[in-house]
Amino acid sequence: MPRVVCVAEKNSIAKAVAGILSGGRCSRRDSPNKYIKNYDFTFSFGFSGSSSVTMTSVAGHLTGLDLDQAHGWGKCPIPQVFDAPIVDTRTKDQQKIADNIKKECRNADYLMIWTDCDREGEYIGWEIVQTALQSNQSLQGNVYRAIFSHLESGHIMHAARNPKRLDQRAVDAVRTRMEVDLRSGVAFTRFLTELLGSKVGRDSGSKNDQRPIISYGTCQFPTLGFVVDRFERIRKFVPEKFWFIQVSIPNDNDKTVFQWERGHLFDRLSVAVIYELCLEASGNIARVADLKSKPTTKWRPLPLTTVELQKNCSRFLKMSAKTSLDAAEKLYQKGYISYPRTETDIFPPNMDLQALVQQQSSDRRWGEYAQNLLNGNGPNCFKWPRAGKNDDKAHPPIHPIVSCGEGLDNENEKRVYEYVTRHFLACCSEDSKGHSTTMVLHWGPEAFTANGIVVLERNFLDVYVWMKWETTKQLPNLSVGQEVELLSYLMKDGQTSPPNQMTESELILLMDANGIGTDATIAEHIEKIQQRDYIKKKKVNKQTYLIPTTLGISLVHGFEAIGLEDSFAKPFLRRQMELDLKLICSGNKNRADVVKDLINKYQNYYGLTSTKQVKLIETYTNIKSIM
DNA sequence: GCAAGGTC
């Protein structure tokens, strides 16, 4: 019988796929790595007929990239970093996993790649192929690639029966990113550490004269740039005075305040003239000009992605992005929630979501809510979630798998589980419904509006406890055309205020929108620039803000003073690389040209930076003296 | 000792 080895990106996928292909009849063997298992069964592939199959996995990348020995830290002039030979490396864990693959493939006839169907997965597939060929050259030409986007059994069967080949263009694109990130990162990190490390070290009074690392990374710098940018906008902010008119009318024993439709104006005299006009024309009498009443809804959330999870854990639970992602990872490993790294905000149509809701019906906190959704009496019954626009073709939105009851003793995991579950139940609920009334008053030639909301059905809000939507005070009972005596009519002034410092939740949004990092790495970049002492967390009242340090501000301004064509601290460079990678994937550019162009650019920037390096030191010294 | 990207 022919022998087929299948390799997935992680054990959870290997286990699930083996279970489906074998009809639940597979046997499990250990591998040298405790997280990796080998699953044996028989299956009939189109290319091999009835075969003896071993399904195993890697755990992410199987190889790493580094400069060769001769070009290690301090061993060569920095510019050589841009064209030094690159070697593949393996950590001890990777070595064990590679050994397992080589052993399993030694007597194999076919190799089938089951890594995630995204760009990185394609590259990991290529790493697996290279490793397998080291022990079995005859596999060359007998490598297939399964195309799948979730783990529903019919879908997996279809993938097994319709294999494709690895997409070399996607592999090339990833290799390009790796090489450019490595060379640019290593070169500028060594340069900055040599130039500023001892200076910063002395200033910060760090012990045993240890020099801090001052790193450059294609993601680290734009992340820092966002924070510094906000900081500068606040620092340079000049408040501007404005004037406006506000009127109010009686409402029961209280009043209803109406806002001027012009908002506010920055010219006092204009407002004063308008105010006089109104007063002359109408005295203290206004007229109801319009009354609009309409149903309104507050939408339930979209299915949960990683970025949304991190943003909301930061906003609602005051957890750092790193902490929430780590907790989610643990919950996934324990089998409580689905895979936590996903960009998908649309559920596959044949998923049994009701069964997942049912799972939650025994919970003390939201069990009754879940049960009511399924019972279907009352306005709030199970409704298929809204569909977002993103599908990473690899993982479904984050959702709870089983109820954990009181089974979690780690506080962070408990809170993240609660968030994921409440979010999921909210997704499967009705929108919240209300009624909004808008009244327009005319006073002289000017219009003023007031708005009232009655929440009629809370629906998902009952389980999504962090979101608020409240009934406001009712508008007074008046009809169109009616005249009303004003309780007050005032000309007021105010001034514009600066934006707040950056929150972590805003930073995540900015990074995501600008393509800086991925769902899995955004939290790490934010963590990294704190470790490097470029930014610091600062608590004001109950809110935590991210504030750049002297070093962080100096780096951004220092490079600005040098005047590189594409600023390191802006997202443009990274975005341009991303576009080039897409062109490699579509076959419109080749890897060698893109690498050459990008490395050339960094070489030029390095040349310019080193001739103007004194500007970096000056900037640091100047900012140090005024901070 | 340096990057960013996977994953445990």
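These numbers come from the heavy atoms of this one structure, side chains and all, not from hydrogens, waters or symmetry mates. Below, chain A is the first sequence line, B the second, and so on; all start at residue 1.
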*So, are A:D326 and A:K322 salt-bridged, with charged N and O less than 4.0 Å apart?*
yes
*asked:* Using a 4.0 Å heavy-atom cut-off, does A:E194 contact any base of the nucleic acid, only the sugar-phosphate backbone, or nothing at all?
replied: nothing
*Ignoring hydrogens and angles, tell me if any N or O in the side chain of A:E179 forms a donor-acceptor pair with the backbone of A:T176 under 3.5 Å.*
no
*Could you tell me whether A:E9 contacts a base, only the sugar-phosphate backbone, or nothing, with contacts defined as non-hydrogen atoms closer than 4.0 Å?*
sugar-phosphate
*Under 4.0 Å between any heavy atoms, over every strand shown, what does A:F221 touch: base, sugar-phosphate, or nothing? Just pick one.*
nothing
*Using a heavy-atom cut-off of under 4.0 Å over every strand shown, decide if A:L67 touches base, sugar-phosphate, or nothing.*
nothing
*Please list, chain by chain and in numerical order, all residues satisfying salt bridge (Lys or Arg N to Asp or Glu O under 4.0 Å) with A:K570, sequence neighbours excluded.*
none
*asked:* Any base atoms under 4.0 Å from A:D116, or only sugar-phosphate, or nothing? Heavy atoms, all strands.
replied: sugar-phosphate
*When we call it a touch if two heavy atoms are under 4.0 Å apart, what does A:D66 touch: a base, just sugar-phosphate, or nothing?*
base
*Rounded to the nearest 0.5 Å, how far apart are OG1 of A:T342 and CG of A:N390?*
9.0 Å
*asked:* On DNA chain B, compare the nucleotides closest to A:T218 and A:I213; which residue's is nearer the 5' end?
replied: A:I213
_For chain A and DNA chain B, what are the first and last nucleotides along the strand, 5' to 3', with at least one atom under 4.0 angstrom from a heavy atom of the protein chain?_
B:dG1 to B:dC8
_Touch class at under 4.0 angstrom, heavy-atom based, for A:Y216 against every strand present_ = sugar-phosphate
*Name the nucleic acid region contacted by A:Y339, choosing base, sugar-phosphate or nothing; use a 4.0 angstrom heavy-atom cut-off, strictly under.*
sugar-phosphate
*Presence of salt bridge, A:R119 and A:E578, under 4.0 angstrom*: yes
*Map A:G517 and A:I97 onto DNA chain B by nearest heavy atom, then report which one ends up closer to the 5' terminus.*
A:G517
*Assign A:R175 to base, sugar-phosphate, or nothing according to its heavy-atom contacts below 4.0 angstrom with the strands shown.*
nothing
*Can you name the side chain to side chain contact (heavy atoms under 4.5 Å, CB included) partners of A:E329, sequence neighbours left out?*
A:Y332, A:Q333, A:P340, A:R341
*For A:S184, which contact category applies under a 4.0 Å heavy-atom criterion: base, sugar-phosphate, or nothing?*
nothing
_Considering every strand and a 4.0 Å limit on heavy-atom distances, what is the contact class for A:R119: base, sugar-phosphate, or nothing?_
nothing
*Is the count of non-hydrogen atoms from other residues, nucleotides or ligands lying under 6.0 Å from A:R165 atom CZ greater than 12?*
yes
*Remember a base hit wins even if backbone is also touched, and classify A:R177 as base, sugar-phosphate or nothing at under 4.0 Å, heavy atoms.*
base
